[in-house]
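Structure first, commentary second.
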Amino acid sequence: MRNDPTRKTAAAAPEAQSGAANGEPLDFIRSIVAADVAAGKHDGRVVTRFPPEPNGYLHIGHAKSICLNFGVAAEYGGRCHLRFDDTNPLKEDPHYVESIEKDVRWLGFDWGRHLYHASDYFERLYDYAVQLVQDGKAYVDSSSEEEIRRDRGTVTEPGKESPDRARSVQENLDLLERMRRGEFDDGAYVLRARIDMASPNMKMRDPLIYRVRRVPHHRTGDAWNIYPMYDFAHCFSDSIEGITHSLCTLEFENNRELYDWFLDQVHVHHPQQIEFARLNLSHTVMSKRTLLELVEKGIVRGWDDPRLPTLSGLRRRGYTPEAIRAFCDRIGVAKRDNLVDVSLLEYYIREDLNKRAKRVMAVLRPLRVVIDNYPEGQVEELEAINNPEDPEVGTRRIPFSRVLYIERDDFREDPPKKFFRLAPGREVRLKHAYFLKCEEVVRDDAGDIVELRCTYDPATKSGSATDGRKVKGTLHWVSAGSAVEAEVRLYEHLFLSANPAEAGREEGLESLLNPASLEVVRGARVEPSLATAHAGQRFQFLRHGYFCVDPDSAPGALVFNRTIGLRDSWSKIEKKQQP
RNA sequence: UGGGGCGUAGACAAGUGGCAAGUCACCAGAUUUUGGUUCUGGCAUUCGCAGGUUCGAAUCCUGCCGCCCCAACCA
């Protein structure tokens, strides 16, 4: 088996995207796995797992972990389990289970038949606990929560042993059994490991194994009155499933000694825990607690608010799984605390959508244009290319007529330097159509510009002039008679601060929120081909950015989300001119 | 200040004794019927700091400094 030449190797693994297969340097985890496989450890098998607790929605930080765990497994011919770490019925909810499964699948990963729950192992876990008690390695403690806390000591002082530490094995066994049967109130007893109250590692000072919680569990019902703690449940769950490499985040480094201790006591399969740095993204927050707070306070519209870094939020916003995976590949895996600039994520969604999004024209803030020399009542169909990056997707026809809408921002009565859009007396090109010249500005009684009187050059239908004259600007437009009205939601970073989790420690997060994170534009006009667009469809609104149809959208009441704007070098020039 | 980790450009991140990959961001230019895309060039004489070993150090040794994690019956 070990030398089986047909066994899949990293290079032969299908769909390997990173590290092992593409010649990029291996990250430290893949290096360890590669070395283990080469050395024939675990017979060369690789089994990983993604172990979320069903107490919240998945976010892009989880995506990093998912890509790592499923990625490593795929690259080394192994498998990756999806396991719900459901050991705390007080905080968990089956609703979250559904969202997690959906999000992992959406990201593009498949756990096959390997869907597990820590609660599947409750009986075996209990057996391990009994074994520990029998071996004198665990005891039932009647200390109160406060006493336990106090007697644990501090980082510089050793803790104090509980009087119950000396309880007999027989009595411990009896008490544990009665805890399980529900004879005691919550908090009356706990089962603890007997390790070392003076250990320099706080996690080793007689950690809790079971606590009494007389509440039903969403999967085991009222079968249990005690529930296992993370450190105890997690290592044994890994062991039971035959996990070879248990990848987790840095804050569990201190727990590794305990992970190893539990497994060593009962001589079972012993996976290797390896810790890596979690992802932090600039201008947003990643902690479940904070995300929950934003949702519950109504600061955002729910877990799938497009401003959130949740996978459901990113999906609704228009992000593709491919872009998120490419991003996760790029950021790497290391042990250094990090704060990845959100512009890197934005780069990957632009890169992906540039290749696949159909171009359409949409005017967000319409300004009416009347072409005086264009025949009244005439409508002609012009051909427009759907995607210059992908000629395969062909062309479509768009109506052109005497009355159009252009973007208000594309006209300046008094144009600044380097502004080469429309202005009085100036000529520009209308995308896919003719040259257009502004002849006159029409105002209402309040003095606001309500309309532009223009002329067009019929000889410029090709997009350029026959006499060789050039225009510097090309504008998008829609025909007033056939345009469809739409609502457009423009998103910006949720936080002004690059690192709100850090900056908000004292003043609180709310003062750091970006008041302009959502701008709703009503009365936008989009080209008629969009009338039948359905939720989830993505487009490039020419010269604006990438947009996708929101689930709130309905026939006759289109709603678009801006996924990300196009890079905008004009705004930079303009900004430079301002100060 | 007990223990566990980490310090390479604005942000990520390779490199593990032979004389600083790559990506994003940023800057400059070319192309362009999207001020988009694409392309070209620039961007760490220096690797937290200070000593030491060596012909040679980001990589080895010593000391110091800084940041993160651990005192939930959360995970």
Side-chain angles (χ1 to χ4, degrees), chain A residues 24-27 51-53 55 85 87-88 90-92 141 143-145 148-159 186-187 189-192 198-205 208-213 226-227 229-231 233-234 248-257 275 277 279 282 288-289 327 329-348 350-351 354-355 359 361 385 388-389 418-421 429-433 435 460 462-464 471-476 498 540-545 565-574:
Chain A
E24 293 262 306
L26 260 39
D27 59 65
E53 183 189 13
N55 68 343
D85 216 339
T87 56
N88 186 0
L90 255 30
K91 291 190 175 173
E92 295 152 10
D141 194 350
S143 301
S144 69
E145 197 171 336
I148 290 175
R149 203 193 312 269
R150 189 192 60 216
D151 291 343
R152 190 140 36 209
T154 70
V155 290
T156 54
E157 301 162 297
D186 289 11
Y189 289 102
V190 291
L191 181 71
R192 300 177 74 176
S199 172
N201 181 353
M202 299 296 293
K203 297 287 184 192
M204 298 298 278
R205 319 248 263 224
L208 273 58
I209 295 175
Y210 272 103
R211 74 284 218 192
V212 176
R213 277 243 202 300
I226 56 174
Y227 292 94
M229 301 292 291
Y230 166 81
D231 289 295
H234 199 84
C248 63
T249 45
L250 251 29
E251 64 271 28
F252 292 101
E253 277 178 317
N254 297 315
N255 301 57
R256 189 176 63 239
E257 189 179 356
E275 310 85 12
L279 165 68
S282 76
K288 278 192 195 173
R289 202 204 97 249
F327 168 77
D329 268 357
R330 208 359 80 239
I331 57 175
V333 180
K335 300 197 68 159
R336 218 178 294 157
D337 287 330
N338 60 77
L339 180 65
V340 176
D341 201 308
V342 71
S343 66
L344 186 61
L345 211 211
E346 293 171 346
Y347 169 82
Y348 281 104
R350 281 195 192 101
E351 183 193 51
N354 175 51
K355 286 180 302 195
R359 271 63 169 171
M361 294 202 284
I385 187 156
E389 303 295 318
K418 290 187 178 169
F419 181 89
F420 36 84
R421 277 115 95 146
R429 174 167 40 234
L430 292 176
K431 181 75 180 177
H432 304 130
F435 280 13
T460 55
S462 63
S464 43
V471 291
K472 292 187 90 174
T474 300
L475 310 188
H476 61 277
Q540 183 194 101
F541 285 2
L542 226 57
R543 303 209 302 135
H544 276 302
L566 254 24
R567 287 178 64 212
D568 181 4
S569 51
W570 163 243
S571 76
K572 282 182 191 169
I573 294 168
E574 195 179 28

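In the text below, chain A, chain B and the rest are named by the order of the sequence lines, each starting its count at 1. Remember, predicted model here, so these are calculated numbers, not experimental data.
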Phosphate oxygens OP1/OP2 of B:A75: is one of them under 4.0 Å from a side-chain N or O of A:Thr87?
yes
Which is true for A:Tyr210 with a 4.0 Å heavy-atom rule: it touches a base, it touches only sugar-phosphate, or it touches nothing?
nothing
Using the six-membered ring wherever Trp is involved, compare the ring planes of A:His544 and A:His476 and label them parallel, tilted or perpendicular (cut-offs 30° and 60°).
perpendicular
Say we look at B:C67 and B:A30: how far apart would their C1' atoms be, to the nearest angstrom?
44 Å
Atom CG of A:Asn354 to atom C1' of B:U34: distance rounded to whole Å?
10 Å
Work out how far the P atom of B:A44 is from that of B:G18, and round it to whole angstrom.
23 Å
Donor-acceptor pair (no angle test) under 3.5 Å: A:Glu389 side chain, B:U38 base
no
Taking the P atom in each of B:G4 and B:A9, what is the distance between them to the nearest angstrom?
27 Å
Inter-nucleotide P distance (B:U32, B:C39), Å rounded:
16 Å
Could you list all N or O pairs between the protein and nucleotides 13-20 of chain B that sit under 3.5 Å apart?
none

Using the C1' atom as the reference point in each nucleotide, state the distance between B:U16 and B:U59 in Å, no decimals.
5 Å
Check: A:Arg350 side chain, B:G36 base, donor-acceptor under 3.5 Å
no
A:Lys335: what forms a salt bridge (charged side-chain N to carboxylate O under 4.0 Å, His left out) with it, not counting sequence neighbours?
A:Glu253, A:Glu275
Contacts of A:Asp341 meeting salt bridge (charged side-chain N to carboxylate O under 4.0 Å, His left out) (sequence neighbours excluded), chain-then-number -> none
Is A:Thr154 touching bases, backbone alone, or none of the nucleic acid, heavy atoms closer than 4.0 Å?
base
Which part of the nucleic acid, if any, lies within contact of A:His432, taking any heavy atom under 4.0 Å across all strands shown: a base, the sugar-phosphate backbone alone, or nothing?
base
For the side chain of A:Glu92 and the backbone of A:Asn88, is there at least one donor-acceptor N/O pair under 3.5 Å apart?
yes
Between B:U45 and B:U37 - P atom distance, rounded Å
30 Å
Describe the nucleic acid contact of A:Thr249 in one word from base, sugar-phosphate, nothing, applying a heavy-atom distance below 4.0 Å.
nothing
Sugar-phosphate only, base, or nothing, as touched by A:Asp341 at under 4.0 Å among non-hydrogen atoms
sugar-phosphate
A:Val190 has a side chain; which of B:A25, B:A71, B:C73 sits nearest to it?
B:C73
P atoms of B:G15 and B:G48, separation to the nearest Å
16 Å
Under 4.0 Å, counting only non-hydrogen atoms across every strand here, what does A:Lys91 touch: a base, just sugar-phosphate, or nothing?
sugar-phosphate
At under 4.0 Å between heavy atoms, what does A:Arg150 touch on the DNA or RNA strands: base, sugar-phosphate, or nothing?
nothing
Glycosidic conformation of B:A14, taking syn as within 90° of 0 and anti otherwise
anti
Check this for me: does any side-chain nitrogen of one of A:Arg149 and A:Glu145 sit under 4.0 Å from a carboxylate oxygen of the other?
yes
Reckon A:Phe419 touches a base, only the sugar-phosphate, or nothing at all at heavy-atom distances under 4.0 Å?
base
In whole angstrom, give me the gap between the C1' atoms of B:A58 and B:C19.
11 Å
Touch class at under 4.0 angstrom, heavy-atom based, for A:Glu145 against every strand present
base
Return the nucleotide paired to B:G2: Watson-Crick means purine N1 to pyrimidine N3 with N6-O4 or O6-N4, wobble means G-U with N1-O2 and O6-N3, both under 3.5 Å.
B:C70
